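Only one structure is covered here, and it is reproduced in the block below.
Quick caveat: nothing in here was measured; it's all calculated off a predicted structure. For the numbers below, each heavy atom of this structure counts, side chains included, while hydrogens, waters and symmetry mates do not. Here, residue 1 is the first one in the sequence, and each next residue gets the next number.
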Amino acid sequence: MSAIPSAPSLHIVIAGAGPAAQALVRRLAGRSDSRQRAFDGTITVLSNRDECPDALLELAGLPQVSVRFGQPASFIDSDAKMVTTVDGLEFSYDQLVIATGSAPSLPPVAGAEAGLSYSTIDDAATIGEAVKDLTRMVGRRPLGILVGSGPAAGQAEAVLRARGVRPVRTTLRPAAVIADPAPAAGAPGANLPATGILFADGSSMKGDLVVIAEERTARNDLAESAGLAVASDGGISVGRDLATSVPGIWAIGDAASCDGLRLGLLLSAESSAMLCASGMLLGTRGSSDQQVPMAA
C-alpha cells in the first residue's frame with residue numbers, strides 16, 4: 001500500500017478506544033504497514049475506561065498519540081470543532097472520528113460470559129480459534145447452539161458452518177447459558193466453552209458450544225449533540241467513505257450504519273480504519289472509488 005502523505009499540524013480526535021479506534025490509531029501512526037509512514041500530526045483518544053488493554057497502552061506510548069483514560073466524549077460543537085468530555089475537558093480538532101461502538105439491546109443472559117458472542121465481523125476470528133481448539137478436544141465435528149435473530153445471527157451461522165460446526169439455531173431467548181462442571185486442570189475438555197442453554201420453561205438445548213448473536217444498539221448520543229444524521233437502525237449514518245453528514249466528522253465501527261446495516265457487520269476494524277484514514281488524509285470524501293465492501 002502506498003504511503004499516506006503527511007498532513008502538518010493536523011489534529012485528529014477519536015471518541016472511543018475499542019478495536020476500531022485502536023486500528024485507526026495504528027494506521028495513522030504507521031504501525032499497520034511497514035511501508036506506510038505516520039502523518040505529521042497528533043492524535044487524541046478519548047476513552048471511557050480507566051483501565052488500559054495492552055494494545056492501547058502500546059499505542060499510548062507513541063509520541064504523536066495522547067490517550068485520555070476515563071474521559072469519554074459527551075458533547076460535540078461541530079461549528080467550533082470542539083469536543084467536550086464528561087469532566088468538562090475540551091479538545092479542538094481538525095478531524096473527528098466517532099468510534100463509540102454499540103451496546104446490547106437486551107440485558108445479558110445469565111451465564112453468557114461462559115459462551116461465545118458474535119456482534120461484529122472481528123468476532124469471527126475469536127470463534128474460529130475456539131472452534132479449532134474444540135474440534136481437537138472432542139475429536140469430531142462440533143455441534144453448536146446459536147442464539148439470535150437478524151443479520152448478526154445470520155453471519156454467525158455462516159461463520160460456524162465455514163469452520164465445520166453443525167449449528168442449531170434458536171430465536172427463543174434462553175434464561176441461562178450453562179456449562180458442564182469444570183474438569184480438572186489439564187484434563188480433556190478443560191478449556192471448553194459453555195455447552196448448553198436453559199429456557200424459562202425448564203427445557204434445554206445441549207451441544208458442544210454456545211454462541212450468542214443478539215442485536216445491538218449503536219451508541220449515538222454524540223451524533224445527536226453534533227446534529228449528525230442518524231440511520232433508521234439508530235446508527236450514525238455514514239457514506240461509503242465513512243464520512244458523516246457533517247464535514248470533518250467520521251464514524252467507524254459499530255457506532256456507524258451504512259446501507260441499512262451496522263458497520264461492524266460490514267467491515268472489520270482494520271478495513272474500517274483503512275477507509276477512514278484514507279478519507280481524512282487523502283481527501284476522498286464522496287469519492288466514487290471508495291466503496292464499503294459488503295460482508296460475505
Side-chain angles (χ1 to χ4, degrees), residues 10-32 38-39 41-76 81-104 117 119-123 125-126 216-226 228 235-236 238 242-244 248-257 262-277 279-281:
L10 182 68
H11 182 214
I12 296 173
V13 173
I14 303 175
Q22 292 173 35
L24 180 57
V25 173
R26 285 194 299 271
R27 185 158 293 276
L28 292 171
R31 293 304 176 100
S32 293
F39 76 104
T42 56
I43 306 165
T44 298
V45 179
L46 303 178
S47 174
N48 67 331
R49 296 182 178 181
D50 291 322
E51 72 274 12
C52 181
D54 291 342
L56 184 58
L57 188 61
E58 180 181 349
L59 295 173
L62 299 175
Q64 72 269 52
V65 178
S66 172
V67 180
R68 302 302 181 101
F69 298 102
Q71 289 294 327
S74 63
F75 183 80
I76 298 169
K81 288 196 168 185
M82 186 76 66
V83 182
T84 304
T85 71
V86 290
D87 287 341
L89 299 181
E90 294 183 333
F91 297 88
S92 61
Y93 65 85
D94 296 302
Q95 301 282 341
L96 171 66
V97 181
I98 301 176
T100 48
S102 64
S117 65
S119 60
T120 71
I121 284 178
D122 292 303
D123 293 323
T126 301
R216 300 177 67 87
T217 302
R219 295 188 173 100
N220 62 8
D221 293 349
L222 282 178
E224 294 174 357
S225 75
L228 305 181
I236 302 169
V238 297
L242 308 192
T244 71
I249 302 180
W250 311 75
I252 63 175
D254 238 18
S257 178
R262 281 176 22 228
L263 194 63
L265 296 176
L266 288 170
L267 288 175
S268 68
E270 292 294 339
S271 296
S272 185
M274 179 180 67
L275 272 178
C276 188
M280 287 191 295
L281 302 181

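Of the listed residues (S119, S102, S272), just one forms a side chain to side chain donor-acceptor pair (under 3.5 Å) with D254, and that residue is S102. Results of the side chain to side chain contact (heavy atoms under 4.5 Å, CB included) test with S74 over L222, V86, D221 single out V86 as the only residue that passes.
Judged by distance alone, the side chain of K81 and the main-chain N or O of S92 form no donor-acceptor pair under 3.5 Å. Checked by atom type and distance alone, the side chain of S66 never pairs as donor or acceptor with a backbone atom of T44 at under 3.5 Å. Within the 3.5 Å criterion, the main-chain N or O of S268 finds no donor-acceptor partner in the side chain of D122. At least one donor-acceptor pair under 3.5 Å links the side chain of R219 to the backbone N or O of T100. In terms of modelled atom types and a separation under 3.5 Å, the side chain of T244 and the main chain of I249 share a donor-acceptor contact.
The shortest side-chain heavy-atom distance between L281 and L28 falls under the 4.5 Å cut-off. Counting only heavy atoms from C-beta outward, the side chains of L96 and F91 never approach each other to under 4.5 Å. Residues I98 and I76 have side chains in contact (heavy-atom distance under 4.5 Å, counting atoms from C-beta outward). Between L10 and M280, every side-chain heavy-atom pair lies at or beyond the 4.5 Å cut-off.
A218 and G235 get closest at one heavy-atom pair: CB-CA, 3.6 Å. Here the closest heavy-atom approach between residue W250 and residue C276 is recorded as CB-SG, 3.8 Å. Across all non-hydrogen atoms, the minimal contact from L267 to L275 is CD1-CD1, 3.8 Å. Considering all non-hydrogen atoms of both residues, A23 and A269 come closest at CB-O, 3.6 Å. In terms of heavy atoms, L46 sits closest to A73 at CD1-CB, 3.9 Å. Residue L263 comes nearest to G253 through the heavy atom pair CB-O, 3.2 Å, listed as atom of the first residue, atom of the second, then distance.
For the atom pair CG of L265 and CG of D123, the computed distance is 9.5 Å after rounding to the nearest 0.5 Å. Distance check, rounded to the nearest 0.5 Å: CG of D87 to CZ of R68 gives 11.5 Å. Of the inter-residue distances, the one linking Q95 atom CD with I14 atom CD1 reads 11.5 Å to the nearest 0.5 angstrom. One distance of note links CD of E90 with OG1 of T85; it measures 9.0 Å at 0.5 Å rounding. Between R49 atom CZ and F69 atom CZ the span is 11.5 Å, to the nearest 0.5 Å. In this structure, CD1 on I121 lies 10.0 Å from CZ on R262, to the nearest 0.5 angstrom.
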* **Residue pair L59, V67: steps toward the side-chain contact (heavy atoms from CB on, under 4.5 Å) verdict** => CA-CA 9 Å; L59 295 173; V67 180; 5.8 Å; no

